[in-house]
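Basis for what follows: all heavy atoms, side chains included, without hydrogens, waters or symmetry-related copies.
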Amino acid sequence: MGNGKLTMSDETQNRDGKELSISPRHVAMIMDGNGRWARQRGLPRLAGHEAGTETVRRVMNYCRDAGVRYLTLYAFSTENWSRPLEEVTGLMTLLGTFIRKHEEELIEKQVRLRVIGNRADIPAPLMAEIERIERTTAHFERQVIIALSYSGRSELVRAVRKIAERVRDGSLAPESVDEGVVAAHLDAPDVPDPDLIVRTSGEMRVSNFLLWQCAYSEFHVTPVLWPDFGEKDFTEALEAFAKRSRRFGGV
């Protein structure tokens, strides 16, 4: 991700059949509220994460129906490693289960799965499974990108280190480093920047997510907790996006 302006997908229809004049090509989701959802029901936090995996499946289908080509999901931040060990272990297990459960569906619907983030942090068995499915689905055009052990700052640090290595070995001149070079060294440089970033649970912050890529993204915040996020909420986000005037700094 790192290429500013985007070409939008074709016109789509909302749940009532009304045409939306413009639809985002790339939607990114900050999936927030699993813990609160569980607490409101007197359940353990992991139950909220389990309910949240069903929302992921629904949102993948919503995006397909709306013509969204890229969906990025903020699944686990680098800061999340500080959570209780039981919760972290449960989250990693849930992710592995979700990937295995939906592997055939990804292939059937021709969706490419990929992961961005610090792969070295991810448990080796889970990472091996992710990489296997990444290879299996690599030729598909539509993509679901999971941000796992991810933070925008750490991604930029990784990019800077790659650039510094190229400068040191002489393959890149310091004066040649520009925005394009930085973008080319991000975790997924071939993926266009998100047009629309949706955050659930009502929190008004980016939480270290896609800091470089979100420069001209439109934001939509909903008070709905992630496990309750449904088709109506997704359609409202698309309708809000369609009303925006995107000038990218121009007039």
Side-chain angles (χ1 to χ4, degrees), residues 1-4 6 24-32 49 52-53 55-57 59-60 63 68-81 83 88 91-92 94-96 98-99 102-103 106 111-163 165 179-200 205-217 219 226:
M1 285 172 271
N3 304 319
L6 303 175
R25 186 183 184 194
H26 181 181
V27 173
M29 311 285 295
I30 301 176
M31 307 180 292
D32 197 15
H49 296 310
T53 62
T55 306
V56 169
R57 182 187 59 79
V59 168
M60 288 169 60
C63 285
V68 174
R69 297 286 301 278
Y70 303 89
L71 170 65
T72 299
L73 301 168
Y74 200 8
F76 193 88
S77 73
T78 54
E79 293 81 7
N80 288 156
W81 291 110
R83 292 185 176 185
V88 170
L91 279 165
M92 294 298 125
L94 272 177
L95 180 59
F98 179 86
I99 290 174
H102 296 286
E103 179 178 2
L106 289 170
V111 176
R112 179 182 180 184
L113 180 74
R114 62 198 299 188
V115 164
I116 59 173
N118 190 350
R119 292 174 175 241
D121 291 342
I122 301 169
L126 176 58
M127 196 65 245
E129 199 152 22
I130 288 170
E131 290 176 344
R132 177 182 62 78
I133 297 177
E134 284 182 322
R135 290 192 297 270
T136 301
T137 62
H139 57 292
F140 297 137
E141 292 185 7
R142 289 184 55 243
Q143 298 187 23
V144 172
I145 300 131
I146 300 176
L148 185 61
S149 191
Y150 176 87
S151 83
R153 288 182 175 181
S154 66
E155 181 183 26
L156 287 169
V157 168
R158 285 193 295 277
V160 169
R161 286 175 176 169
K162 293 173 188 175
I163 293 168
E165 289 174 1
E179 290 186 12
V181 170
V182 175
H185 289 81
L186 297 175
D187 288 353
D190 57 307
V191 175
D193 294 342
D195 301 291
L196 173 64
I197 297 179
V198 179
R199 179 164 192 147
T200 57
R205 56 179 179 270
V206 297
S207 295
N208 210 352
F209 184 49
L210 301 179
L211 296 181
W212 177 275
Q213 299 91 333
C214 77
Y216 286 103
S217 300
F219 283 80
W226 178 250

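- Atoms CZ and NE2, from Arg112 and His139 in turn, are 10.5 Å apart once rounded to the nearest 0.5 Å.
- Closest approach of Arg25 to Pro192, counting heavy atoms only: NH1-CG, 4.2 Å.
- Using modelled atom types, no side-chain atom of His49 and backbone atom of Leu91 make a donor-acceptor pair closer than 3.5 Å.
- The line from OG of Ser77 to CZ of Arg83 is 7.0 Å long, rounded to the nearest 0.5 Å.
- Note that the CZ atom of Arg158 and the OG atom of Ser151 stand 7.0 Å from one another [nearest 0.5 Å].
- Nearest heavy atoms, Ser154 versus Thr78: OG-CG2, 4.1 Å.
- Minimum heavy-atom separation, Val206 to Ile30: O-CD1, 3.7 Å.
- Inter-residue side-chain proximity for Asn80 and Val88 is flagged as unmet; no heavy-atom pair is nearer than 4.5 Å.
- By the 4.5 Å heavy-atom criterion applied to side chains, Glu131 and Arg119 are counted as neighbours.
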field: Worked verdict on Glu155 versus Leu211 for side chain to side chain contact (heavy atoms under 4.5 Å, CB included)
entry: CA-CA 9 Å; Glu155 181 183 26; Leu211 296 181; over 6 Å; no
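- The shortest side-chain heavy-atom distance between Met29 and Leu71 falls under the 4.5 Å cut-off.
- Note that CG of Leu196 and OG of Ser217 are 8.0 Å apart. Values are rounded to the nearest 0.5 Å.
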query: Arg114 and Asp190: side chain to side chain contact (heavy atoms under 4.5 Å, CB included), yes or no, with the steps?
result: CA-CA 12 Å; Arg114 62 198 299 188; Asp190 57 307; 3.0 Å; yes
message: For Val111 and Thr137: C-alpha separation, side-chain torsions, deciding distance, then whether side chain to side chain contact (heavy atoms under 4.5 Å, CB included) applies.
response: CA-CA 7 Å; Val111 176; Thr137 62; over 6 Å; no
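- Shown here for His185 and Val181, the closest heavy-atom pair between the two residues is ND1-O, 2.7 Å.
- Of the inter-residue distances, the one linking Phe76 atom CZ with Glu79 atom CD reads 10.0 Å to the nearest 0.5 angstrom.
- Taking the side chain as every heavy atom from C-beta outward, Arg199 and Arg205 approach each other to under 4.5 Å.
- Distance alone, capped at 3.5 Å, is enough to place a donor-acceptor pair between the Thr55 side chain and the Trp226 backbone.
- Considering CG of Asn118 and CH2 of Trp81, their distance stands at 9.0 Å, rounded to 0.5 Å.
- Side chain of Asp187 to backbone of Gly117: a donor-acceptor contact under 3.5 angstrom is found.
- Relative orientation of the Phe209 and Tyr74 rings is parallel, given thresholds of 30° and 60° on the angle between their planes.
- Val115 pairs with exactly one of Ile99, Leu148, Leu95 by the side chain to side chain contact (heavy atoms under 4.5 Å, CB included) rule, that one being Leu148.
- Between Tyr70 and Val191 the shortest heavy-atom distance is CD2-CG1, 3.8 Å.
- Considering only heavy atoms from C-beta on, Arg132 comes within 4.5 Å of Glu103 through its side chain.
- Counting heavy atoms from C-beta outward, Leu113 and Phe140 have side chains that stay 4.5 Å or more apart.
- Looking at every heavy atom in both residues, Phe219 comes nearest to Cys214 through CZ-CB, 4.1 Å.
- Side chain of Thr200 to backbone of Asp32: a donor-acceptor contact under 3.5 angstrom is found.
- In this structure, the side chains of Pro194 and Leu210 come closer than 4.5 Å at one or more pairs of heavy atoms.
- For the pair Leu186/Leu156, a side-chain contact is recorded, criterion being any heavy-atom separation below 4.5 Å from C-beta on.
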